[in-house]
Amino acid sequence: MRKVFVILALFMAVSITAQTHEILKHNGEKVLINYIKTDTNLIYFSNPNSSEEGRISTYAVQSLKEQSSGIIQVISSKVDIDNGFVFLKNNEIAGLRKVASISVFLGRPKGMSFNDLSFLKKRRLQEKATQKEALFVVITSETFDTIKADLYSY
């Protein structure tokens with residue numbers, strides 16, 4: 001009988017101390033999660049009913065609210081087209097919506113360094129991202145005169 005009470009008390013303690021949080025995304029969606037950790041532009045979590053680990057980009061999350069205490073932690077502010085674009089890595093896009101895939105071709109100008117050409121290609125990517133109203137750019141491949149990228153938004 002004593003073992004039953006110990007096990008019951010253990011289950012109660014685990015359920016009380018669970019890390020239940022609410023994520024508010026920049027698109028207005030609210031999601032209830034069990035928060036695990038934040039690491040390099042990603043938030044790791046699990047759903048309350050499963051132990052499978054998920055992740056979401058910190059750029060997609062506005063705030064993280066702890067359910068038990070009501071403490072709200074601001075994760076990121078919303079990126080605006082006027083303030084510029086964010087170049088992300090391929091593993092930092094979880095939770096963002098893909099808008100388009102684009103490529104930019106610049107002919108091989110004589111006497112131009114690779115760094116100057118790379119700057120021009122990124123500038124052209126930003127122009128195309130503005131046309132598609134995308135805020136996040138992920139470069140998928142780059143050669144000397146061509147650059148391919150995926151565009152993402154909230």
Using every non-hydrogen atom in the two residues, find where Ser46 and Ile36 come nearest and quote the distance to one decimal. N-CD1, 4.0 Å

Do [X] and [Y] have side chains that get closer than 4.5 Å, going by heavy atoms?
{"X": "Leu135", "Y": "Val86", "value": "no"}
{"X": "Phe87", "Y": "Glu92", "value": "no"}
{"X": "Leu88", "Y": "Leu96", "value": "yes"}

Tell me every residue that passes side-chain hydrogen bond (donor to acceptor under 3.5 Å, both in side chains) with [X], counting only those two or more places apart in sequence or in another chain.
{"X": "Asp116", "result": "Ser113"}
{"X": "Thr38", "result": "Tyr35"}
{"X": "Gln67", "result": "none"}
{"X": "Lys122", "result": "none"}

Could I get the full list of side-chain contact (heavy atoms from CB on, under 4.5 Å) partners for [X], not counting sequence neighbours?
{"X": "Ser69", "answer": "Glu66, Ile71"}
{"X": "Ser51", "answer": "none"}
{"X": "Asn49", "answer": "none"}
{"X": "Asp150", "answer": "Lys98, Ser101, Thr140, Tyr152"}

Test: ring pair (Phe, Tyr, Trp, His ring centres under 6.0 Å). Region: residues 119-142. Which pairs qualify, not counting sequence neighbours?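 Output for this query lists Tyr59-Phe136, Phe136-Tyr154.
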
Any donor and acceptor pair, going by atom type alone, linking the side chain of Ser63 with main-chain N or O of Leu24 inside 3.5 Å? no

Partners meeting salt bridge (charged side-chain N to carboxylate O under 4.0 Å, His left out) with Glu22 (sequence neighbours left out):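 Checked Glu22 against salt bridge (charged side-chain N to carboxylate O under 4.0 Å, His left out); zero matches.
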
Pairs where residues 26-46 contributes a residue and the test salt bridge (charged side-chain N to carboxylate O under 4.0 Å, His left out) is met, not counting sequence neighbours: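 Passing the test, one end in residues 26-46: Lys25-Glu29.
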
Hey, could you give me each pair passing salt bridge (charged side-chain N to carboxylate O under 4.0 Å, His left out) that has a residue in residues 46-63? Not counting sequence neighbours.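 Non-adjacent pairs meeting salt bridge (charged side-chain N to carboxylate O under 4.0 Å, His left out): zero.
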
